[in-house]
Structure formats: C-alpha cells, structure tokens
Number of protein chains: 2
Amino acid sequence: MPLRAVNLVRMAESVAPPEFDPRCPSSDMPVQIGGKWTGMVVRCLQSGPRRFTELREPLRGVTPKVLTETLRAMERDGLVTRTVHDENPPRVEYALTPLGRSLVPLIDAARAWSEEHLPDLLRARETYEP
Amino acid sequence: MPLRAVNLVRMAESVAPPEFDPRCPSSDMPVQIGGKWTGMVVRCLQSGPRRFTELREPLRGVTPKVLTETLRAMERDGLVTRTVHDENPPRVEYALTPLGRSLVPLIDAARAWSEEHLPDLLRARETYEP
DNA sequence: GAAACCGGTTACTTCAACGGAACCGGCGCC
DNA sequence: GGCGCCGGTTCCGTTGAAGTAACCGGTTTC
C-alpha cells in the first residue's frame, strides 16, 4: 500500500480527543499526508497508545480493512508500533514512534493553512468557469 | 480533476531554478500537496510567471495532457492565473496568485521534514518484515 | 449453548490519477 | 510549400487507493 493522501480539513474542524466528520469535503484539501487516514491516526495516537477498536471509533467511516492497511503501512514505515499484549483477552496496541511524532508539526502547519486559506480556495472553485 | 499528491522529495533534491529528477522515489514521500505535479509547479512559478513550455522543461517527464490538467485544476482553485497575451505569436503565461504563494511555506516545511526524516522512513521500510 | 466482542481477513467492485501516443490549428520561417 | 513551434486536445489503457460485504477463530459473558 503506497502512501497517499489524508484529509487535513477534517482535522482542522475537529478538537481533541479527535472525532472526525465523514461528510467533511475531503478531496478539497490540497495538503495531504500519507494515505487518506494516516494523519488522523497520528492525531488519534498523539495522546497515547490506542487499540484497534479505539481507533475505529473516532475515525468514523473507516472500515476495518482500510484501517488495517493504513496501520500496516505506517508500521512498515516506522511511524507506529504494533504491540500484542499476552493477556486474556489478548490486547493489540498501536503507538506513535518518534518518527511518527515528527509529523505532528507538519500536520499542524497544514491545519493552520487550511483554517486560513481553504475558504479562499473553495470560493475560487465555486466561482470558476472554464 | 480532484487534487492529489505531489512528490516533495524531488524538490528536496533540487536547487533553484528547479529541475526535477523523474527517477526520484516519488511514492515514498508521505507528505503531498495537490496533484503529483502541483508542488513542483508552485516552485517553478515562485520566481515569476512562466509559459507552458517553460514549465514542461524543468518538470521532466510531465506530458502536456497532465500538465494541462494540473494547471487547470490550480487555476480553478485560485492558485495560478492563466493569461493569454494578445501578441504575435500569442503567449500564454501562468503566474502564482497570493493564495498559491501561501503554499510555499508549507512546501518548505515538507521539504525540511523529508531532508531530516525521510532516510529513517526508508530504512524502516527496508528492514520491515511482516 | 448462544451471543457478542476483538482484531482482523478475503473477495469483489469502483473510481480517479496518471501516462502514452497521436493529432490539431494557427503562425512564422526558409 | 514544407517544416517546426506553441499550446494544447483526444483516445485509450493501467494502476492502485478506497469502499462494500461477508466471514473468521478465539474468548468472555449471559
């Protein structure tokens, strides 16, 4: 799974603990980090490790398949760790690595851009005629 | 044409006046702005307006079709202006708008991230086993 | 014994981005 | 008159990210 876009608009409209609106105009945002959900996963893990189902909840609309793909790609790239706790019942926790954490300032910068300039972009898009 | 990813690695490896290496590992970069070529167009236009063919040159490998799509999308979103000069021969110039120029700091931040952290990501990817 | 939860997997489909190749009209040039 | 440049357009094909739906084994709970 190559890395692709994440929508930072949703993040711009959300507050911590993050909860993302699936109706947010994802494709309008020109700044993207990793796959569609990568940035949101980073923000979800910013406050500490989370389990698979704890990630599914705030990331409304993500299917388990896509979330698995996203997390595997992030693990492969050294952005998160996946820890299986040998308990009963077994528990799987995902946590940010320092490398994953290094993306946070970039995500914040992108969110700041969107808060300041995205309305201009959307207005331009509305009034555009070829 | 919805907005997608641009490879900032190429830009990280380039110097002004920008000239981009098509063999650069585009898909490894987790930070992307607009379409694949959007960020490179911004950087090409940073130093002033350019013509269609003047953009094709440094963006090695871009086909006229894709460059047209990219520029149309950027025009629609208010990132560039397209000016047809009524001369002989007619001249078409593309220039950054203030909105387009507002992306520059973000692009620089992404380039800085890639210079600092991309090797770590690639190393993690190499040594990863599922 | 049945139901639900956890952390996924599998098969299938859709759609946008991107690229290759060919072609175009209008103009200047030799 | 033919060639090439400029700024594209058109057609076609490939790729891969993302979504839908169904299913899964093991475990706890009722």
Side-chain angles (χ1 to χ4, degrees), chain A residues 1-7 10 20 22-30 32-41 49-57 59-77 80 82-94 130, chain B residues 1-7 10 20 22-24 26-30 32-41 49-57 59-76 80 82-94 130:
Chain A
M1 182 195 187
L3 285 168
R4 289 310 249 186
V6 78
N7 179 350
R10 291 183 188 170
F20 305 99
R23 294 164 311 172
C24 171
S26 323
S27 52
D28 297 334
M29 183 62 188
Q32 306 175 322
I33 293 184
K36 175 173 177 180
W37 303 94
T38 308
M40 285 182 266
V41 169
R50 291 201 184 203
R51 306 172 64 171
F52 189 82
T53 40
E54 289 172 343
L55 285 170
R56 283 190 69 178
E57 207 175 316
L59 274 49
R60 281 205 262 264
V62 72
T63 62
K65 177 207 157 213
V66 173
L67 182 55
T68 301
E69 285 174 356
T70 304
L71 290 169
R72 288 286 189 281
M74 294 178 72
E75 192 193 359
R76 179 199 60 190
D77 289 347
V80 300
R82 178 177 180 271
T83 311
V84 182
H85 295 269
D86 198 10
E87 309 171 350
N88 253 340
R91 196 161 42 94
V92 181
E93 268 193 344
Y94 293 91
Chain B
M1 183 197 186
L3 285 168
R4 291 307 253 184
V6 78
N7 178 349
R10 291 183 188 172
F20 305 98
R23 294 165 311 171
C24 171
S26 323
S27 50
D28 297 334
M29 183 61 188
Q32 306 174 323
I33 292 184
K36 175 173 177 180
W37 303 95
T38 307
M40 285 182 265
V41 169
R50 289 200 184 205
R51 306 174 63 172
F52 188 83
T53 38
E54 288 171 345
L55 286 170
R56 284 191 68 180
E57 207 175 315
L59 274 48
R60 280 207 262 262
V62 72
T63 62
K65 177 205 157 215
V66 173
L67 182 54
T68 302
E69 285 175 355
T70 303
L71 290 169
R72 288 288 189 278
M74 295 178 71
E75 193 192 358
R76 178 199 61 190
V80 300
R82 178 176 182 273
T83 311
V84 183
H85 295 269
D86 199 10
E87 309 169 351
N88 254 339
R91 197 161 42 94
V92 181
E93 268 192 344
Y94 294 91

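Chain A is the first sequence line, chain B the second, and so forth, proteins listed ahead of strands; every chain is numbered from 1. None of the values given here were measured: they were computed from a predicted structure.
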Using a cut-off of strictly less than 4.0 Å, decide whether [X] has a side-chain nitrogen or oxygen near OP1 or OP2 of [N].
| X | N | result |
| --- | --- | --- |
| A:Arg72 | C:dG8 | yes |
| A:Arg82 | C:dG8 | yes |
| B:Arg50 | D:dC6 | no |
| B:Arg51 | D:dC6 | no |

In Å, rounded to the nearest 0.5 Å, how long is the span from [atom1] of [X] to [atom2] of [Y]?
| X | Y | atom1 | atom2 | result |
| --- | --- | --- | --- | --- |
| B:Arg56 | B:Thr68 | CZ | OG1 | 8.5 Å |
| A:Leu55 | A:Met40 | CG | CE | 12.0 Å |
| A:Arg50 | A:Glu57 | CZ | CD | 8.5 Å |

[X] has a side chain; which of [options] sits nearest to it?
| X | options | value |
| --- | --- | --- |
| B:Lys36 | D:dG7, C:dT9, C:dG19 | C:dG19 |
| B:Thr68 | D:dG7, D:dG8, D:dA18 | D:dG8 |
| A:Thr53 | D:dG7, C:dC6, C:dG19 | C:dC6 |

On DNA chain C, does the nearest nucleotide to B:Thr63 precede the nearest nucleotide to B:Pro90 from the 5' side, or the other way round? Give the residue.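 Of the two residues, B:Thr63 wins.
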In whole angstrom, what separates [X]'s [atom1] from [N]'s [atom2]?
| X | N | atom1 | atom2 | value |
| --- | --- | --- | --- | --- |
| A:Arg56 | D:dT20 | CZ | P | 12 Å |
| A:His85 | C:dG7 | NE2 | C1' | 14 Å |
| A:Leu71 | C:dG8 | CG | C1' | 11 Å |
| A:Glu57 | C:dG7 | CD | C1' | 15 Å |
| B:Glu69 | C:dG19 | CD | P | 10 Å |
| B:Tyr94 | D:dG7 | OH | P | 8 Å |
| A:Leu67 | C:dG8 | CG | P | 9 Å |
| A:Glu54 | C:dC6 | CD | C1' | 12 Å |

So, under a plain 3.5 Å distance rule, would you say the side chain of B:Lys65 forms a donor-acceptor pair with the base of D:dG8?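 Per atom types, no contact qualifies.
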If you take all heavy atoms of B:Ile33 and B:Thr38, which pair is closest and at what distance?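 Reported closest heavy-atom pair: O-CB, 3.5 Å.
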Contact class for A:Pro64 vs. all strands (heavy atom < 4.0 Å): base, sugar-phosphate, or nothing?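 Contact class for A:Pro64: base.
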Using heavy-atom distances to pick each residue's nearest nucleotide on DNA chain D, tell me which of A:Val62 and B:Arg91 is more 5'.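 Taking each residue's closest nucleotide, the earlier one in sequence belongs to B:Arg91.
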Does any part of the side chain of A:Glu54, heavy atoms only, come nearer than 4.5 Å to the side chain of A:Glu93, both counted from C-beta?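 Result no, sub-4.5 Å side-chain heavy-atom pair not found.
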